[in-house]
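Okay, structure first, notes after.
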Amino acid sequence: MMTFTGVDNSFFNILLGLLLLSAIPTAVALLFIPSPYGRYSESGQTWGPQINPRLGWFIMESPASLVFLYFYVTGTRPWVLPSLLLLLMWQTHYAHRAFIYPFQMRVRPGNQMPLLVALLGALFCTVNGYLNSIFIVNYAPHLAQQSWLSDPRFIIGVGLFLTGYYINKRSDHILQSLRRDNPDGYRIPHGFLFKWVSMPNYFGEIITWLGFAIAAWSPAGLAFVIFTIANLVPRALSHHRWYQAHFADYPSQRKAIFPLIL
Ligand code: NDP
């Protein structure tokens, strides 16, 4: 039976459909209530038990790395070069995000994260890791062909992935340096793409996963980019308004997330 994903596996298709559908309420909810971690963690609302943000990031992000790896190595075609390169791209991002970033980050004194946020993030990362891994290793005959390495979709996708990765990591590094120099407060970030937008790290994250989706030519990758946009664009708009409300001298030409656009 032909499906909208081209994959003959009802469980995969239903899960992918649910992930896509959930992007809409996620975006709408986050436009009104920013996810209560980081600068919004002291908003006075009750979100249940609180945990250390380092532990929260580890709980949230580690399933993306581990679940992807498990389904990859137990899949039907793991040892072909295009798929292996996609595995490498995925793990380069997620092994860092899950096992290095939480232990490098500086935590504001007293700052905590709701356990609920960590668990919802972990649920998303589990589903997303499963869908992306299983599509690459089981349902993508194009990735079993060496010729995919010279396909324009692969080349453009890898280029976007690397560009997004660099933007994301360099921006996160600037913010971590600001946090280190100002342990309990916020400053206006300057330099690099902060000249153009308030949240270049989020912009880089979206470019990263857009590149991955194109390089894998994957419906699961596309669902991931759509969900990432639904998650990060509302948060970038909240951060942008927060900066404008807290700093009278906030640069007026700076956009929230997409240079010159939004
Ligand atoms: P933020 O930019 O809100 O915070 C990143 C770090 O920088 C935090 O430690 C924060 O401290 C600190 N910081 C931020 N702004 C300032 C400032 N003006 N002055 C001093 N310190 C500052 O990012 P997130 O925590 O939301 O995200 C972190 C990473 O995770 C990003 O790379 C993002 O792209 C990625 N991410 C990806 C998602 C996805 O859907 N794929 C979802 C969410 C995040 P504090 O915590 O005290 O505010």
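Whatever order the structure lists them in is the order used to number ligands and atoms, beginning at 1. Keep in mind the model is a prediction, meaning the values are calculated, not measured. When reading the values below, keep in mind they use all heavy atoms of this one structure, side chains included, and skip hydrogens, waters and symmetry mates.
- The proximity of I188 to ligand 1, defined as any non-hydrogen pair under 4.0 Å, does not occur for either the backbone or the side chain.
- By the criterion of a heavy-atom distance under 4.0 Å, the side chain of E205, and not its backbone, is placed next to ligand 1.
- Nearest protein neighbour of atom 11 (O) of ligand 1, counting heavy atoms only, is R179 NE, 3.3 Å.
- At a 4.0 Å cut-off, not a single heavy atom of F124 sits close enough to ligand 1 to count as contact.
- Looking at W209 next to ligand 1, no N or O pair under 3.5 Å apart turns up.
- Checking atom 46 (O) of ligand 1 against the protein gives a heavy-atom contact under 4.0 Å.
- Note: an N/O pair closer than 3.5 Å links N168 and ligand 1 by distance alone.
- At under 3.5 Å, a nitrogen or oxygen of Q176, whether backbone or side chain, sits near a nitrogen or oxygen of ligand 1.
- Not a single heavy atom of K169 sits closer than 4.0 Å to an atom of ligand 1.
- If you number the atoms of ligand 1 from 1 as listed, the ones under 4.0 Å from a heavy atom of L232 come out as 38 (C), 42 (C), 43 (C).
- Shown in contact with M199 at under 4.0 Å from a heavy atom are these atoms of ligand 1, numbered in order with element: 2 (O).
- Residue contacts with ligand 1, taken as heavy atom pairs separated by less than 4.0 Å, involve Y243 solely via side-chain atoms from C-beta onward.
- A donor atom on one side chain and an acceptor atom on the other are found under 3.5 Å apart for N128 and N132.
- The closest protein non-hydrogen atom to atom 17 (C) of ligand 1 is Y186 CD2, 3.5 Å.
- The side-chain heavy atoms of T92 and H96, taken from C-beta on, include no pair separated by under 4.5 Å.
- For R39, heavy-atom contacts with ligand 1 shorter than 4.0 Å involve the backbone as well as the side chain.
- For the ligand labelled ligand 1, residue N201 lies inside the 4.0 Å heavy-atom shell.
- Against a heavy-atom cut-off of under 4.0 Å, Y37 is close to the following atoms of ligand 1: 24 (P), 25 (O), 26 (O), 43 (C), 44 (C).
- Ring geometry for F227 against F124 counts as parallel: the plane angle stays under 30°, on a 0 to 90° scale with 60° as the upper cut.
- When only modelled atom types and interatomic distance are considered, S41 and N111 share a side-chain donor-acceptor pair under 3.5 Å.
- Distances from atom 23 (O) of ligand 1 to the heavy atoms of W242, F224, Y202 put Y202 nearest.
- There is no side-chain donor-acceptor pair under 3.5 Å between T228 and E205.
- A donor atom on one side chain and an acceptor atom on the other are found under 3.5 Å apart for S198 and Y250.
- Side-chain contact check for D172 and N201: at least one donor-acceptor pair (N or O, by modelled atom type) lies under 3.5 Å.
- In the vicinity of G38, heavy-atom distances shorter than 4.0 Å reach the ligand 1 atoms 46 (O), 48 (O).
- Nearest residue to atom 31 (C) of ligand 1 from V107, D172, T26 is D172 (criterion: closest heavy atom).
- Each of the atoms 2 (O), 7 (O), 14 (C), 15 (N), 16 (C), 21 (N) of ligand 1 lies under 4.0 Å from some heavy atom of L175.
- Applying the under-4.5 Å side-chain rule to Ile, Leu, Val, Met, Phe, Trp and Tyr, the cluster around I59 extends to I51, L55, L115, L119.
- Atom 27 (O) of ligand 1 has as its closest protein heavy atom W57 CH2, 3.7 Å.
- Using a distance-only test at 3.5 Å, with no hydrogens or angles considered, a donor-acceptor pair links the side chain of W148 to the main chain of A215.
- In terms of polar-atom proximity, H239 is counted as a contact of ligand 1, with an N or O under 3.5 Å from an N or O of the ligand.
- Distance from atom 40 (O) of ligand 1 to its nearest protein heavy atom, with residue and atom name: N231 ND2, 3.1 Å.
- Residue F203 does not touch ligand 1, judged by heavy-atom distances below 4.0 Å.
- The residue from F68, F212, W209 that alone fulfils the ring-ring contact (aromatic ring centres under 6.0 Å, His included) condition with H93 is W209.
- With hydrogens and angles left out, the side-chain atoms of Y166 and R170 include a donor and acceptor closer than 3.5 Å.
- A 4.5 Å side-chain heavy-atom check between Y72 and L84 finds at least one atom pair inside the cut-off.
- Geometrically, R97 does not engage F58 in a cation-pi contact defined by less than 6.0 Å to the ring centre and at most 45° from the axis.
- Comparing E61, R235, R187 against atom 19 (N) of ligand 1, the shortest heavy-atom distance belongs to R187.
- Relative to the ring axis of Y165, K169 places its NZ or CZ within 45° and under 6.0 Å from the centre.
- For the ligand labelled ligand 1, residue Y101 lies inside the 4.0 Å heavy-atom shell.
- For Y186 and R39, the side-chain atoms include no donor-acceptor pair closer than 3.5 Å.
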